[in-house]
Number of protein chains: 2
Amino acid sequence: MRWRELDREACSVARTVAVIGDRWTLLVLRDCFLGVRRFEEFQARLGITRHVLADRLRKLVKAGVLRKVAYERRPLRHEYRLTDKGLDLYPVLMAIVHFGDVHLAGRRGRPLLHRHKACGKLFDPVTVCSECGEPLHARAVHVHPGPGARRGECIEGGADGWTG
Amino acid sequence: MRWRELDREACSVARTVAVIGDRWTLLVLRDCFLGVRRFEEFQARLGITRHVLADRLRKLVKAGVLRKVAYERRPLRHEYRLTDKGLDLYPVLMAIVHFGDVHLAGRRGRPLLHRHKACGKLFDPVTVCSECGEPLHARAVHVHPGPGARRGECIEGGADGWTG
DNA sequence: ATCATACGTTCTTTTTTGGAACGTGCAACG
DNA sequence: CGTTGCACGTTCCAAAAAAGAACGTATGAT
């Protein structure tokens with residue numbers, strides 16, 4: 001399987017990975033959620049090659065995650081902003097941040113704190129079941145083919161044996 | 001910034017991306033959560049090069065996400081299983097799946113359905129605030145430096161301007 | 001004129017990946 | 001005993017992607 005075939009897999013992980021599954025793309029998105037919008041600022045903060053940055057921004061625009069907005073004419077200048085679709089990646093980024101906070105923070109503690117404006121408190125993101133509201137654990141979920149499944153892809157037999 | 005410098009950044013996204021921020025690694029983890037454990041099965045399902053698969057499994061073991069377990073002696077054979085740390089990546093994978101389900105599913109619908117054993121219902125993962133339990137939206141979160149922050153990294157000034 | 005700014009592109013070198021074959025240890029078959 | 005098959009990799013070479021630095025372009029400020 002190559003990059004260009006990934007988005008044709010009948011698997012939501014594969015299709016999403018085709019969009020964001022790249023170290024630079026994820027870091028670009030992190031910066032987007034922190035308010036970065038301009039080419040030069042991404043480049044300076046990330047230390048990414050200009051060539052690769054141009055490529056990743058182009059791909060994110062094509063995927064509908066970012067949009068290019070002119071903020072000045074004469075000379076014409078653009079900036080990159082998250083679309084609504086892009087904002088929907090927030091849970092992915094928060095889940096990544098939380099894993100890092102819990103498992104990879106140095107002894108000084110986590111680098112960034114998050115405050116929920118609605119309740120005013122510092123918080124951690126928690127992934128819960130949409131139906132009962134209880135926190136989700138891998139072992140408490142059973143998975144089976146949906147309408148978009150294709151035979152022999154993504155899930156094959158009983159796929160419950162990961163426990164242990 | 002190169003791969004090998006990523007994990008030294010004072011940023012939970014960068015550190016997590018240093019572990020999982022790679023297309024193949026994410027697909028390997030997907031398969032782990034679907035019950036795949038053996039080299040040959042990863043290779044057959046993913047179509048990944050054996051060389052790259054060996055490399056990714058080695059890195060995941062080194063990162064403490066997977067562990068190598070002997071399931072047979074004479075000949076000695078190993079399989080790869082998620083550790084507790086690895087199981088903590090479940091919210092990341094579920095967030096990725098959900099984004100794919102919502103934004104990238106074909107017209108036939110989502111490829112996979114998830115049932116919560118605790119309540120018995122088909123569900124979607126929802127990311128909520130640990131303090132008030134309300135669903136999180138990017139615009140409702142304010143971010144500021146924590147104890148592990150380093151000057152000039154990850155967040156610089158007011159970082160609330162991503163809206164719009 | 002010269003410099004600075006913002007947003008890229010071009011060029012060359014280094015690193016990573018794809019693809020196929022080979023190596024190892026052992027068991028089962030004929 | 002020789003052969004086949006399996007599980008788990010490693011090795012080798014060609015192709016693709018990334019790093020690093022310089023160049024291009026349009027404009028406005030000094």
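- Counting to the nearest Å, the C1' atom of C/dT17 and the CH2 atom of B/W24 are 10 Å from each other.
- The residue B/R58 sits close only to the backbone: its heavy atoms come under 4.0 Å of sugar-phosphate atoms, none of a base.
- Counting only heavy atoms from C-beta on, B/E40 has its side chain closest to D/dA7 among C/dG8, D/dA19, D/dA7.
- Protein atom CD of B/E72 is 9 Å distant from nucleotide atom P of D/dA7, rounded to whole Å.
- One atom, CG of A/L6, and another, C1' of C/dG18, lie 14 Å apart when rounded to the nearest Å.
- Taking every side-chain heavy atom of A/A54 into account, C/dT9 is the closest of C/dG18, D/dG9, C/dT9.
- OP1 or OP2 of C/dG8 sits under 4.0 Å from a side-chain N or O of A/K68.
- Computed from coordinates, the B/D55 CG to D/dT10 P distance equals 10 Å when rounded to whole Å.
- Taking the charged nitrogens against the carboxylate oxygens, A/E79 and A/R77 have no contact shorter than 4.0 Å, which rules out a salt bridge.
- In terms of position on DNA chain D, the residue among A/K59 and A/R73 whose nearest nucleotide sits closer to the 5' end is A/K59.
- The hydrophobic clustering, which links ILVMFWY residues whose side-chain heavy atoms are closer than 4.5 Å, places A/L87 and A/V19 together.
- Salt bridge absent: A/R15 and A/D7 never bring a charged side-chain N and a carboxylate O closer than 4.0 Å.
- Residue B/E79 contributes atom CD, which lies 16 Å from atom C1' of D/dG9 at whole-angstrom precision.
- When each of A/T49 and A/L76 is assigned the nucleotide of DNA chain D with its nearest heavy atom, A/T49 is the one assigned upstream, toward the 5' end.
- Neither OP1 nor OP2 of C/dG8 sits under 4.0 Å from any side-chain N or O of A/R56.
- A sub-4.0 Å separation between OP1 or OP2 of D/dA7 and a side-chain N or O of B/Y80 is absent.
- The separation between B/R37 atom CZ and D/dC8 atom C1' is 17 Å, rounded to whole Å.
- Distances from the side chain of A/P75 to the nucleotides C/dT17, D/dT27, D/dC8 place D/dT27 closest.
- Of the side-chain N and O atoms in A/Y71, one or more sit less than 4.0 angstrom from OP1 or OP2 of C/dC7.
- A salt bridge links B/R110 and B/D124; the closest N-O separation between the charged side-chain nitrogens and carboxylate oxygens is under 4.0 Å.
- Atom CZ in A/R50 sits roughly 13 Å away from atom C1' in D/dT25 (whole-Å rounding).
- For residues 43-82 of chain B, the set of pairs meeting the ring pair (Phe, Tyr, Trp, His ring centres under 6.0 Å) definition, not counting sequence neighbours, is empty.
- Looking at the side chain of A/D22, the nearest of the listed nucleotides D/dA18, D/dG28, C/dC26 is D/dA18.
- Listed pair B/R23 / C/dT17 fails the phosphate criterion, with no side-chain N or O lying under 4.0 Å from OP1 or OP2.
- Side-chain proximity of A/F39 to D/dA19, C/dC7, D/dC8: nearest is C/dC7.
- Atom CZ of B/F123 and atom CD of A/E134 lie 12.5 Å apart (nearest 0.5 Å).
- Residue B/H78 is in sugar-phosphate contact alone, with no base atom involved, counting any heavy-atom pair closer than 4.0 Å across all strands shown.
- If you check every strand for non-hydrogen atoms under 4.0 Å, B/R77 touches a base.
- Atom-to-atom, CD of B/Q43 to C1' of C/dT17 comes out at 14 Å; the value is rounded to the nearest Å.
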